[in-house]
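Below you'll find the structure, written out as structure tokens, and then a few comments.
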Amino acid sequence: MFSMIWVLIVGFVVGLLARALKPGADGMGWILTMILGVAGAYVGAFIADFVGVNAQSGFSYLIFSVIGAMILLFIYEILVGKRRLK
């Protein structure tokens, strides 16, 4: 139970960092920010494994998680932007 709460807190922080570092306005609430951060951590771990970096914990985990969340944020913007045009 405690580990799940910790994952959500870290996901929220990662999502906030990704939204702060990516230029432009993002119209999403705190729940989507949390989901973005958690999913970004998984994408970041995949990228770290792909390039051969050990990002299990610490600063490298945070960096790769934010990079993964920013990638997902760009994809989210593309999908929502196309939906708004229709």
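All values derive from a computational prediction rather than experimental measurement.
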Anything under 3.5 Å between a donor and an acceptor, one on a side chain of residues 62-75, the other on a protein residue two or more places apart or in another chain? List them.
from, atom 1, to, atom 2, distance (Å)
S65, OG, Y61, O, 2.7

Residues 27-34, side-chain donor-acceptor partners within the protein, below 3.5 Å, at least two apart:
from, atom 1, to, atom 2, distance (Å)
T33, OG1, R19, NH1, 2.7
T33, OG1, G29, O, 2.8

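Remark: F12 CZ to L17 CG distance equals 10.5 Å, nearest 0.5 Å.
Residue pairs meeting the side-chain hydrogen bond (donor to acceptor under 3.5 Å, both in side chains) criterion with at least one partner in residues 35-46, sequence neighbours excluded, do not occur; the list is empty.
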